[in-house]
Structures are given as structure tokens and as C-alpha cells.
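What follows is one structure encoded as C-alpha cells, with my remarks underneath.
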There are 2 protein chains.
Amino acid sequence: MGTDARELVHRLQDLLRGVRLIKQRRAEERPVIPLGLVGILSQLDGLADGCHARELALHARLDPSTVSRAVATLVAHGLVERRPDPTDRRAQVLALTPDGRTALTDAHDWYARLLDRALAGWTADEVTALGAGLRRFTRDLEVALENHENLEAAR
Amino acid sequence: MGTDARELVHRLQDLLRGVRLIKQRRAEERPVIPLGLVGILSQLDGLADGCHARELALHARLDPSTVSRAVATLVAHGLVERRPDPTDRRAQVLALTPDGRTALTDAHDWYARLLDRALAGWTADEVTALGAGLRRFTRDLEVALENHENLEAAR
DNA sequence: GGCAAACTTGCCTGCTGGGCAAGTTTTGTA
DNA sequence: TACAAAACTTGCCCAGCAGGCAAGTTTGCC
């Protein structure tokens with residue numbers, strides 16, 4: 001299956017180029033949310049009760065200091081708020097502010113509109129299939145990366 | 001179709017995280033080819049007769065100065081050679097050296113091995129379908145981005 | 001009480017791009 | 001023939017996105 005994996009490497013290379021171009025386009029809009037922080041906001045979006053910085057860092061696979069700084073930026077922009085966690089005074093509950101929710105919706109709308117245009121000639125089933133394939137691939141990739149770590153450690 | 005596009009945004013976010021982790025892993029190997037230059041080398045790989053820097057920049061959607069510097073790095077590493085183009089003395093033909101070809105094969109092998117592990121539970125058809133979906137998506141995305149540019153220009 | 005967790009911030013680094021400017025040589029066209 | 005554009009390079013500088021280490025404080029757990 002090496003040929004297929006190799007082909008997929010090329011497909012990913014192409015995709016990354018496309019993503020780079022997307023980001024350039026988006027940057028021209030001067031968005032409220034710094035491009036690199038949309039992911040963090042997205043993660044918070046799904047959590048009605050907010051979460052701790054530790055969980056953000058774990059999920060995003062980012063260094064805690066990186067997350068701490070990202071959160072500080074988002075708090076400074078009024079997009080995220082820190083609330084005391086009565087069950088663990090060392091930590092704070094991070095949650096989207098209404099402004100943050102608005103900004104995130106705007107960002108997602110922008111990206112979705114662009115993707116809508118890209119997918120204009122696709123059927124709903126085709127789009128769903130691509131999404132499902134990517135979901136599965138990403139999950140399997142993370143498993144492979146975990147195993148890669150374990151293989152390296154065993155060397 | 002907004003929901004699907006929005007879902008795809010999330011899928012891409014996840015994928016980018018995976019790619020980031022891949023790159024980290026790869027960086028630990030201290031590869032001969034700087035990570036960011038694999039794409040340039042890959043592009044040269046498909047060209048038996050080499051090409052000009054202009055073509056690299058066009059295809060990679062990178063600024064000419066960026067490409068010029070990338071090429072300079074690759075030449076310094078002995079991975080790319082510059083040959084005079086007798087048909088256009090302003091330009092040079094850039095081509096992979098044997099060392100470059102070896103380094104590129106190593107890089108692709110590394111990535112392909114990782115992807116092989118990720119795809120261990122996939123059928124060949126499933127892999128091919130994902131590759132085809134990505135190819136189509138990337139192409140349609142670039143078209144959408146072009147149109148996005150035209151839309152902005154018309155505003 | 002001691003140690004670890006949770007977090008923050010300072011300091012610094014590296015990578016991956018971009019942009020502008022300036023310069024030289026070559027090519028194409030009027 | 002003259003001129004403008006193409007092709008490219010390099011200096012200078014910038015921005016964004018991460019990482020890492022260290023140090024510090026507070027809190028939680030055993």
C-alpha cells in the first residue's frame with residue numbers, strides 16, 4: 001500500500017498549500033480573532049460549562065505556556081473570560097464571552113462560505129463522505145503518531 | 001449546505017493539528033531537507049527536465065523571493081543544481097541532484113510509512129477514495145479562492 | 001509537611017512565510 | 001535601437017505560530 005500512502009502524501013501537500021492560501025485570504029479581512037487562535041475558540045465553543053487551560057492544551061496538543069498565552073490574548077480581546085472554579089482554586093474555568101461567540105460565528109461563517117463555494121459542484125453525499133474520510137483519517141493518524149512515539153521510545 | 005461546510009471546517013482544523021504533530025515528529029529526525037522545503041523538492045521531482053524558479057513560485061503560490069531563498073538553501077545543501085538555460089539566459093534550470101533525489105525519497109518514505117500505519121485498517125478502495133476526494137477538494141478550493149479574489153476585486 | 005498540579009510570565013528560539021527595495025542581466029516589442 | 005518588462009537575487013525587516021526553560025505562586029493531595 002506504499003504507493004497509496006505516497007499518493008496521499010502528495011494530496012496532503014497540495015491541501016496544505018490550499019490552507020495556506022485560505023489563511024492569507026482570511027488575514028486580509030483583519031479578523032477580530034487572530035488566525036491561530038480560532039482553534040482554541042472552537043474548542044471552547046462546544047463546552048457549555050467551559051474548561052480549564054489544561055484541557056485546552058491537552059486537546060490542542062499545545063504546550064501549556066502556548067495555551068496560557070493564547071488565552072491571555074483572547075481574554076484581552078474580550079473573547080474569553082476566566083471564572084474561578086470553586087472545585088479547584090488553582091485553575092479557572094475558561095469560557096467564551098458573547099463577543100467571543102459572535103467573533104467565532106463570523107470566522108466559521110467566513111470559512112464555511114468559502115468552502116461552500118469550493119463544494120458548489122458536490123452532492124451532499126460526496127461532502128459527507130469527504131468529511132467522514134477526513135475524520136477517520138485524522139483519528140487514525142493520531143493513533144499512528146502515538147504508536148510512533150512508542151516505537152521511538154522502544155528504540 | 002452550510003452545515004456540511006461548517007463540519008468540514010472542523011475536520012480541517014483537526015487535520016491541521018495532526019499535520020502539526022507529524023511535522024514535530026519529523027523534525028525530531030533531523031532530516032537533511034528542511035521541513036518547509038520538501039514541497040519544493042517534490043515539485044522538482046516530477047520534472048525530468050527541471051524548471052525555472054518562476055514556475056516553482058507559481059505552482060507553490062510562494063513569493064519569488066521566498067522561492068529564490070529556498071532554492072539557494074537547497075543548492076547549498078547539494079540537493080538542487082542550477083544549470084544555465086540556453087533558451088533564456090535570464091533564468092536557470094533547477095533540477096534535483098542525486099543527493100536531492102535520495103533525500104526526497106527518504107522523506108517521502110518516512111511520511112508514507114507513517115501514513116501506512118495510520119491507514120493499516122483501511123481497504124485500498126477507501127484509501128483511493130480519500131485521495132481522490134482530497135484531490136478534488138483541493139482543486140475546487142483553489143478555484144474558489146481564485147473566485148474569492150475576483151469577488152474582492154469587484155467590491 | 002512535602003510534593004505535584006495548575007497556571008502564568010519572562011526570555012529566548014526556530015520555522016515559515018511575506019514584502020519592499022535595489023540591482024543586474026536578458027528578452028521582447030515597438 | 002530604445003525601452004519596458006521579465007527573471008532572478010539578496011539585503012533588510014516583519015509577522016505569525018509555535019516551542020522550551022525557568023521561575024514563581026497558589027492550591028490540592030497523600
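Below, chain A is the first sequence line, B the second, and so on; all start at residue 1.
Along DNA chain D, the nucleotide nearest A:Leu62 and the nucleotide nearest A:Arg89 are compared for position; the residue whose nucleotide lies closer to the 5' end is A:Leu62. Between A:Ala72 and A:Gln24, it is A:Ala72 whose nearest contact on DNA chain C lies nearer the 5' terminus. The nearest heavy atom of DNA chain D to A:Thr66 and to A:Pro86 marks one nucleotide each, and the one closer to the 5' end goes with A:Thr66. Each of A:His52 and B:Val67 lies near DNA chain C, and the nucleotide nearest A:His52 is the one positioned closer to the 5' end.
Within 4.0 Å (heavy atoms only), A:Arg17 reaches no atom of the nucleic acid at all. In this structure, A:Arg69 reaches the bases: a heavy-atom distance under 4.0 Å links it to at least one base atom across the strands shown.
Which of C:dT26, C:dG18, C:dA6 sits closest to the side chain of A:Arg54 comes down to C:dA6.
Between the C1' atom of C:dG18 and the NZ atom of A:Lys23 lies a distance of 15 Å, rounded to the nearest Å. Atom CG in B:Asp85 sits about 12 Å away from atom C1' in C:dT27, given to the nearest Å. Look at CZ on B:Arg61: it is 11 Å from P on C:dG18, rounded to the nearest Å. Distance CG (A:Asp63) to P (C:dT13): 17 Å, rounded to an integer number of Å. If you take CG of A:Leu58 and P of C:dA5, they are 12 Å apart, rounded to a whole angstrom.
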Criterion side-chain contact (heavy atoms from CB on, under 4.5 Å) on A:Leu8 and A:Asp4, from CA distance to verdict: CA-CA 6 Å; A:Leu8 213 46; A:Asp4 282 341; over 6 Å; no
side-chain hydrogen bond (donor to acceptor under 3.5 Å, both in side chains) evaluation trace for A:Asp63 with A:Ser65: CA-CA 5 Å; A:Asp63 191 83; A:Ser65 68; 2.7 Å; yes
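Rounded to the nearest 0.5 Å, atoms CG (B:Leu21) and CG (A:Leu145) are 6.0 Å apart.
When side chains are defined from C-beta on, A:Val75 counts as touching A:Arg82, because their heavy atoms get closer than 4.5 Å.
Using a 3.5 Å distance cut-off with no hydrogens or angles, the side chains of B:Gln13 and B:His10 do pair a donor with an acceptor. Between B:Asp99 and B:Thr97, the side chains place no donor N or O within less than 3.5 Å of an acceptor N or O (distance only, hydrogens not considered). B:Thr123 and B:Asp125 form no side-chain donor-acceptor contact under 3.5 Å, judged by distance and modelled atom types alone.
Taking 4.0 Å as the cutoff to heavy atoms of chain B, we find the contact window on DNA chain D bounded by D:dA6 to D:dG19.
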